[in-house]
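Data block below; observations after.
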2 protein chains.
Amino acid sequence: MGDVRRSNTALVLGAVAKAPAGVHPSRAQLATATGLTKRPVSSLVLDLLDAGLLREAGQSQQGRGRPGVGLELNPARGVLGMEINVDYIAAGLVDLSGNLLVHEVREQDNRSAGTGPVLAALAGLAGTVRAAAGEHGVEVLGGGLAVPGLVDPAAARILTAPNLGWANVTLEPGAVLPGAPLGVSLFNEANAAALAEVRHRPKEGSDFLFVSGEVGVGGGLVIGSELFTGPEGHAGEVGHVVVEPDGTGCSCGGTGCLETVAGQDAILAAAGIAADTRTRSASMALLVQALQAGEPAALAAVNRAGRYLGVALASTMRVVNIGSVVLGGHFAVLDPWLRAPLLASLGRYAPGRFSPEQVTLSVVGESGALLGAAGSVVRSLIDAPHLLQS
Amino acid sequence: MGDVRRSNTALVLGAVAKAPAGVHPSRAQLATATGLTKRPVSSLVLDLLDAGLLREAGQSQQGRGRPGVGLELNPARGVLGMEINVDYIAAGLVDLSGNLLVHEVREQDNRSAGTGPVLAALAGLAGTVRAAAGEHGVEVLGGGLAVPGLVDPAAARILTAPNLGWANVTLEPGAVLPGAPLGVSLFNEANAAALAEVRHRPKEGSDFLFVSGEVGVGGGLVIGSELFTGPEGHAGEVGHVVVEPDGTGCSCGGTGCLETVAGQDAILAAAGIAADTRTRSASMALLVQALQAGEPAALAAVNRAGRYLGVALASTMRVVNIGSVVLGGHFAVLDPWLRAPLLASLGRYAPGRFSPEQVTLSVVGESGALLGAAGSVVRSLIDAPHLLQS
DNA sequence: TGCATATAGTTTAGGCAATGAACTAATTGC
DNA sequence: GCAATTAGTTCATTGCCTAAACTATATGCA
């Protein structure tokens, strides 16, 4: 297939994907939407039907004239979203429209287990979800896996995941999803979650910085609805912006990084709450209780985190010219106490650049990484449908 | 002309532009370079010759066989690079290969004069250079104008140039270069200078942050040899990264920005050297003398600037994932004294991420902004030659 | 009920711009 | 001086588009 037809195929498929949920555009509507004429649209739609990416879905019409045949993304095709985190693994089935159909979480300590057993457990969970997909009549085309660390997607390699204690782990082809035509793609967790935010907040501006509070502080930079990854693929690491030159040492080897005052461990320590890997979620619950009870140490810890988060965001804003922030992870949970010091700090360090309504909370929550990883695989398929047509 | 042919035209012209200086590729060589066959290359070359963008230039051959006809960018076409700065205006003629053929600088205080007289003076200087171009047999196709401030290129408007005291100045079409087919495009000075660095350091990596020390501190972010401008076009403003949360107030309204410790005024003040707009370049010379004499106050001021510059670069590096820095403006001048504290600071705040050879000095120097503005206009013409053919 | 109008989708003709192979032109090397 | 080699052109073919005509199927009003 020639380049021209290939890109027009993506154009037509993208136009179907862009239609709001429940709206099934006809071939004629696709022609006007894409700027192509009806002739090639009909022929491209035929290809996409053959490839199983589109499906005819009743009528699309309202007014006079012959009714059109509605077209939709084939609901019988899907992608697995997967996640490996410090204390759980998860897998979910996402259809081509981005709907989460099946979701399985298995809690386990992945820090002490080796990489092999964890990947085997993930493959098992993925197999379970894939079987469930089969019962729904959904064929799984590929998968996206989010991990809390730096990845090299091209090499399917996890470069380093400090909180898992992993480094240079390569994902063998077919190990997780044997036989899936698109294989499994790797993503950084915060980046994937940022992409999920894009998908799930339609009109809400397509330029923002997603900041995710986890054990560390992750970030994803979305510009023009696309992830900005920088030359080596690791942009958006706002957790290591220097916010206090005379601050304490960071796990990255640096000094005074945002993570040293706004990561979970830092906040818990400052609040005087003990935490280790296995009890961290319990500790975070204790922190919220302490905040609700108005305990001064807890309030001061969150206050400090908010203030320094503002410093980091103000700096980031000037470097990449982004005016919106989405808070995720524990930053979303702590928002009631974090928000005031954060906004005050933004007002001090970047006056006139952030209005309060530009600091919003994550809408996808916990499953964001999984949704985003799967959604990104879907998106790349819609942008390049020939990957499947061969 | 169809889209396909249009993009292939750019492909062929780009292949000629990519050839090293003095090498004149033949049609057959262009065919292999572009992946097209000889037939369309011949026909596209014909179009480009007609448009005056290419010229036949003797033979291209070495080995056996029929010699090819060499092709080069037409040296009889050029673009004006222009600059308005605090204490001078400048204009230069740049040919399509990026060579600076004519260069005129006129010193004048643009801060006290109004925008109208300054623009009129610039138009006069541009006219002079254009006349000189005519004597060289070079036709001026358009121009690029660099200013020290934020610009909206689409609207040909200078949004704000604090050091000039300008805000919302619109460049009327034809005011500076009447009749030039491409008109005049606006650029931020540091961004333009960054682009000039790209052009003039061939193999030296195409991802870097250009940091320019001026009255303020400007920056340009180059990723994949392209300027990264962010969603609103103002990315790279590293001068307003917060390096000291408890620092002093900045002209931007913020607190503790890099500019408050590393801008010219800040360094001069810390070194105990008086400065105003008219004597600033003299003051900088005094500073260098003081440094050479080993005066403690001067050394401490530059030391502090270097240390905080390192903080800002370490943070920027994590946000945009850039591992190379090019120092321009007074940072290049002060390099002998600035370098050690800068490297030490980078080692402390971003350990293992910057090696000393990744901190380099500007190769284009003073005329960088002018060269970059003109070069960018040339580049956009080469990427879209139909702008001229129509 | 029936016909004008409107819209969907297919068919046919035509055009642009590519590829591939054959052909002509100009040079080197033995 | 002729074979080998490379440059550039010509011609036939192909891919894929647009434009317009045509067929199919609906609505709305007399």
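Numbered from 1 within each chain, the chains take letters A, B, ... in sequence-line order. Here the structure is a predicted model, which is why all the values come from computation and not from measurement.
For Arg5(A), the listed nucleotide lying nearest its side chain is dC16(D); candidates were dC16(D), dA17(C), dA19(D). Closest contact between the side chain of Pro40(B) and the listed nucleotides dT19(C), dC16(D), dA19(D) involves dT19(C).
Between the CG atom of Leu44(B) and the C1' atom of dT19(C) there is a distance of 14 Å, given to the nearest Å. Nucleotide dT25(D) holds its P atom 14 Å from the CZ atom of Arg27(A), rounded to whole Å. At whole-Å resolution of the value, CG in Asp3(A) and P in dC16(D) are 10 Å apart. One atom, CG of Leu36(A), and another, C1' of dG9(C), lie 15 Å apart when rounded to the nearest Å.
No donor-acceptor pair closer than 3.5 Å links the side chain of Asp207(B) to the backbone N or O of Ile322(B). The backbone N or O of Leu101(B) sits nowhere less than 3.5 Å from a side-chain atom of Asn99(B) that would complete a donor-acceptor pair.
Separation of atoms CG (Leu13(B)) and CG (Leu30(B)) is listed at 10.0 Å; rounding is to 0.5 Å. Considering CG of Leu80(A) and CG of Leu182(A), their distance stands at 11.5 Å, rounded to 0.5 Å.
In terms of phosphate contacts, Ser42(A) brings a side-chain nitrogen or oxygen within less than 4.0 Å of OP1 or OP2 of dT10(C). Phosphate contact (OP1/OP2 of dC17(D), side-chain N/O of Asn8(A), threshold under 4.0 Å): present.
With a 4.5 Å cut-off on side-chain heavy atoms, Met82(A) and Val184(A) count as touching. By the 4.5 Å heavy-atom criterion applied to side chains, His103(B) and Leu370(B) are counted as neighbours.
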With sugar-phosphate taken as primed atoms, P, OP1 and OP2 and all else as base, the protein-contact string of nucleotides 21-27 of chain C at under 4.0 Å (heavy atoms; B, S, -) is ----BBB
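Across all their heavy atoms, Arg199(A) and Ser97(A) have their closest contact at NH1-O, 4.2 Å. The nearest pair of heavy atoms linking Asn74(B) to Arg55(B) is OD1-CD, 3.8 Å.
Counting non-hydrogen atoms under 4.0 angstrom, Val69(A) reaches the backbone sugars and phosphates but no base. Note on Ser26(A): only backbone sugar-phosphate atoms sit closer than 4.0 angstrom, heavy atoms only; bases stay farther off. Residue contacts for Gly35(A): at a heavy-atom cut-off of 4.0 Å it reaches the sugar-phosphate backbone alone, with no base atom in range.
In this view, Ala384(B) and His386(B), Leu387(B) satisfy the side-chain contact (heavy atoms from CB on, under 4.5 Å) rule, not counting sequence neighbours.
Scanning residues 9-25 of chain A for heavy-atom distances under 4.0 Å to DNA chain D yields an empty list.
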